Amino acid sequence: MRLPEEFENRMREQLGEEAFAAYLACFDEKVSSAVRVNTLKLSPESFCVLSPFTLRQVPWIRNGFYYDDKDNPSKHPYYYAGLYYLQEPSAMTPANLLPIAKGDRVLDLCAAPGGKSTELAAKLAGTGVLIANDISNSRAKALLKNIEVFGASNAIVMSEPSDKLAKVFPNYFDKILVDAPCSGEGMFRKQPAIMKNWEQYGTKYYNDLQREILPRAYEMLRPGGMLLYSTCTFSTMEDEETVKFLLDSYPDMELVSAVPEEKLSEYLSMGFETGRASFMAEPVKDIEKTLRLFPHKLAGEGHYIALFHKKEREDYAEAARFTEFVRQSALPKELTEFLSHVSLPISLNRIYKLEDRYYHVPMDAPNLRGLRVLRTGLFLGEMHKGRFEPSQALAMALGKDSYDNCVSFPVMDERVIRYLKCESIECPEDTKDGYVLILVDGYPLGFGKYKNGQFKNRYLPGWRMM
């Protein structure tokens, strides 16, 4: 593969001849393909029992697994059930290393297409609130779909620039992930077309964006909170030098070890490297607490990760949490009757109406007035001609134990594929009339309407299996 000359010269200088030769050689090796298990729905151990794929553990990701080239997990019904996300192994690492606690207020600032947001949602396990934002509205729509497929019930999906968010949420978030736009050098092996973009824009263009975004993330991080910065590039300008920029700009920010210190030697033995002071014009304290991932050192692509802590401040008063929601009108009886069949922790006092659509707002949701919001919490469904029609998002958040009218088919049953193609299927004779939650091996796919022995498929057409 022909690399840009300027990039090749820099990498040779950074790595040294021997390591650079190993880096070039990795372009002839197979790119690793992997899935990340959705722990909102099942454990990695349960997935290994259920999976039809040939799996091998990603050494540093408990719920990450390489799969064989002969497998095609993107076409399998379990993919449509949201049991896993297809993600490059190194890209799994930032969300994996951000230490999320249940109840946290979390921001994924550059979130599309959703790989990291879905892992953050899984770590929150339905508690707290996740705001997943992407400045691109079209990319934010893909982000929304992935969050809904995963069954996340506490996520708010937005599409705003970071400076506008910073004005609304000063000192608000416990944890922030900034997987920044970057020059993409770490992905040259997997996506060679990125090299053309690199030759057009170079590294400074993206470094300018990073230096715009990070100060806004700092403003939104509460004292005592943690910010994880990551890129998929090798550029020192975008990696170690950008870390130095943030530390120099804000003395109350400090680097902490990106992995627990007692586990650092284990990570190094798996092929991770620490950030390099030797790459920098002026070394910065603790830069070795950051991490570099190189594709010639481990079975994944290139990445850089830095974890910051914002020091506590005595004069800091925590931003108010949104714990009480006042509805403007009574809920329709059709909605409350449907919800009587649902055993999710849904509070009627936190159901929000927008036109004819109803949403369940997360307990810690902030005031979103004036912001471009694609989804406010869990979309429950909408009223249509006096009927309540439950949403696809609600179906994915449910399960066999949280809805009282389910039909589960084994994965090899031909009705599973027919259902996913929005075709009509036959249900067991004892199926109850009303909305039926269709499951595959006990995991939700979507709704159907059953009446007098007739089934009407309600799978979302835009998600249809082709």
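Residue numbers run from 1 in the order of the sequence given. Just so it is clear, the structure is predicted and the values come from calculations on it, not from any experiment. For the numbers below, each heavy atom of this structure counts, side chains included, while hydrogens, waters and symmetry mates do not.
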Distance-only polar pair, side chains of Thr233 and Glu185, donor-acceptor under 3.5 Å: yes
Classify the ring geometry of Trp60 against Phe272: parallel below 30°, tilted from 30° to 60°, perpendicular beyond 60°. perpendicular
Flag for Lys70-Thr54: side-chain donor and acceptor within less than 3.5 Å: yes
Salt bridge Arg375-Glu148, side-chain N to carboxylate O under 4.0 Å: yes
Quiz question: by atom type and distance under 3.5 Å, do the side chains of Ser117 and Asp108 form a donor-acceptor pair? yes
Looking only at side-chain N and O atoms, does Asn207 offer a donor or acceptor that is under 3.5 Å from a partner on Gln210? yes
Could you give me the CA-CA distance, side-chain angles and deciding distance for Ile438 and Phe409, then say whether side-chain contact (heavy atoms from CB on, under 4.5 Å) is met? CA-CA 8 Å; Ile438 301 298; Phe409 297 112; 4.1 Å; yes
Would you kindly say whether Asp252 and Tyr218 are connected by a side-chain donor-acceptor distance under 3.5 Å? yes
Assess whether atom OH of Tyr250 is packed by more than 12 heavy atoms of other residues, nucleotides or ligands within 6.0 Å. yes
Are Leu42 and Tyr443 packed together at the side-chain level, in the sense that at least one heavy-atom pair is separated by less than 4.5 angstrom? yes
Verify the neighbour count for atom NZ of Lys196: are there more than 12 heavy atoms of other residues, nucleotides or ligands below 6.0 Å? no
No-hydrogen, no-angle side-chain donor-acceptor test under 3.5 Å, Ser43 and Ser46: yes
Could you tell me whether the side chains of Thr290 and Glu240 share a donor-acceptor contact shorter than 3.5 Å? no
Would Gln87 and Lys116 count as a side-chain contact (heavy atoms from CB on, under 4.5 Å) if you check the C-alpha gap in whole Å, the side-chain angles of each, and the deciding distance to 0.1 Å? CA-CA 9 Å; Gln87 192 170 32; Lys116 296 171 179 67; 4.2 Å; yes
Given His76 and Phe53, is the ring pair (Phe, Tyr, Trp, His ring centres under 6.0 Å) satisfied, shown in steps? CA-CA 10 Å; His76 197 279; Phe53 313 128; 5.4 Å; yes
Are the charged groups of Glu45 and Arg62 less than 4.0 angstrom apart, N to O? yes
Is there a donor in the side chain of Thr236 and an acceptor in the side chain of Gln14, or the other way round, less than 3.5 Å apart? yes
Near Glu6 CD, under 6.0 Å, is it more than 12 heavy atoms from other residues, nucleotides or ligands? no
Is atom NZ of Lys204 surrounded by more than 12 heavy atoms (other residues, nucleotides or ligands) closer than 6.0 Å? no
Nearest non-hydrogen partners of Lys75 and Met465, listed with the distance: O-CE, 3.5 Å
How about Glu414: does its CD atom have over 12 heavy atoms from other parts shown lying under 6.0 Å from it? yes
For Lys175 and Leu98, which heavy atoms make the closest approach, and how far apart are they? CB-CD2, 4.1 Å
Just so I know, are the side chains of Leu227 and Leu214 near enough to count as touching, which here means a heavy-atom distance under 4.5 Å? yes
Gap between atom CE of Met253 and atom CG of Leu247 - 0.5 Å precision: 7.5 Å
Are any side-chain N or O atoms of Thr127 and backbone N or O atoms of Gly103, one a donor and one an acceptor, separated by less than 3.5 Å? yes
Just checking, is any N or O donor in the side chain of Ser235 or Arg10 under 3.5 Å from an acceptor N or O on the other one? no
Crowded around Gln57 CD? As in, over 12 foreign heavy atoms under 6.0 Å? yes
Using the six-membered ring wherever Trp is involved, compare the ring planes of Phe169 and Tyr172 and label them parallel, tilted or perpendicular (cut-offs 30° and 60°). tilted
Answer yes when Arg216 and Asp163 have at least one side-chain N-carboxylate O distance shorter than 4.0 Å, and no when they do not. no
Please work out whether the ring planes of Tyr206 and Tyr201 are parallel, tilted or perpendicular, with thresholds of 30° and 60°. perpendicular
Hydrogens and angles aside, do Ser138 and Ser136 bring a side-chain donor and acceptor to less than 3.5 Å of each other? yes
side-chain hydrogen bond (donor to acceptor under 3.5 Å, both in side chains) partners for Arg56, two or more places apart: none
With side chains defined as the heavy atoms from C-beta onward, is the minimum distance between Tyr79 and Pro73 less than 4.5 Å? no
Nearest heavy-atom neighbours spanning Ser183 and Ile194: O-CG2, 3.8 Å
Sequence neighbours excluded, which residues qualify as side-chain hydrogen bond (donor to acceptor under 3.5 Å, both in side chains) partners of Glu17? Arg12
Between Phe294 and Tyr304, does the ring centre distance come in under 6.0 Å? no
For Lys190 and Glu88, run side-chain contact (heavy atoms from CB on, under 4.5 Å): C-alpha distance rounded to whole Å, both residues' side-chain angles, the deciding distance at 0.1 Å, then the answer. CA-CA 9 Å; Lys190 184 179 180 182; Glu88 189 276 310; 3.6 Å; yes
Check the pair Lys289 / Asp286 against salt bridge (charged side-chain N to carboxylate O under 4.0 Å, His left out), numbers first and verdict last. CA-CA 6 Å; Lys289 292 182 176 179; Asp286 292 332; 3.7 Å; yes
Are more than 12 heavy atoms from other residues, nucleotides or ligands located less than 6.0 Å from atom CE of Met270? yes
Could you check if a side-chain atom of Thr231 sits within less than 4.5 angstrom of a side-chain atom of Pro181, using non-hydrogen atoms only? no
Would the distance check show the side chain of Gln392 and the main-chain N or O of Leu460 forming a donor-acceptor pair, the cut-off being under 3.5 Å? yes
Is the distance from the ring center of Phe188 to that of Phe27 below 6.0 Å? no
Report the C-alpha distance between Ser90 and Leu293 in whole Å, list the side-chain angles of each, state the deciding distance to 0.1 Å, and finish with yes or no for side-chain contact (heavy atoms from CB on, under 4.5 Å). CA-CA 7 Å; Ser90 295; Leu293 289 73; 3.5 Å; yes
Counting distance only, does the side-chain N/O of Asn133 pair as donor-acceptor with the main-chain N or O of Val157 below 3.5 Å? no
Please collect all side chain to side chain donor-acceptor pair (under 3.5 Å) contacts where either partner lies in residues 255-271, sequence neighbours excluded, each pair once. none
Would a 4.5 Å heavy-atom cut-off, applied to side chains only, mark Glu241 and Arg211 as touching? yes
Could you check whether the rings of Trp463 and Tyr459 sit parallel, tilted or perpendicular, using 30° and 60° as the cut-offs? perpendicular
If you compare all heavy atoms of Gly126 against all heavy atoms of Asn154, which two are closest, and at what distance to 0.1 Å? C-ND2, 3.8 Å
Can you name the one residue among Tyr78, Phe47, Phe65 that meets ring pair (Phe, Tyr, Trp, His ring centres under 6.0 Å) with Tyr84? Phe47
Side-chain touch Leu445/Leu439, heavy atoms, less than 4.5 angstrom: no
Counting heavy atoms not belonging to Lys102, are there more than 12 under 6.0 Å from its NZ? no
Show, in sequence, the C-alpha distance, side-chain angles and deciding distance for Ser162 and Glu212, and conclude whether the side chain to side chain donor-acceptor pair (under 3.5 Å) test is met. CA-CA 8 Å; Ser162 59; Glu212 289 178 14; over 6 Å; no
Between Pro366 and Val168, is there a side-chain heavy-atom distance shorter than 4.5 Å? no
Separation between CD1 of Ile176 and CD1 of Ile131, rounded to the nearest 0.5 Å: 10.0 Å
Are any of the side-chain heavy atoms of Met226 and Leu307 separated by less than 4.5 Å? yes
If we count only N and O atoms by modelled type, under 3.5 Å, do the side chains of Asn63 and Thr39 hold a donor and an acceptor together? no
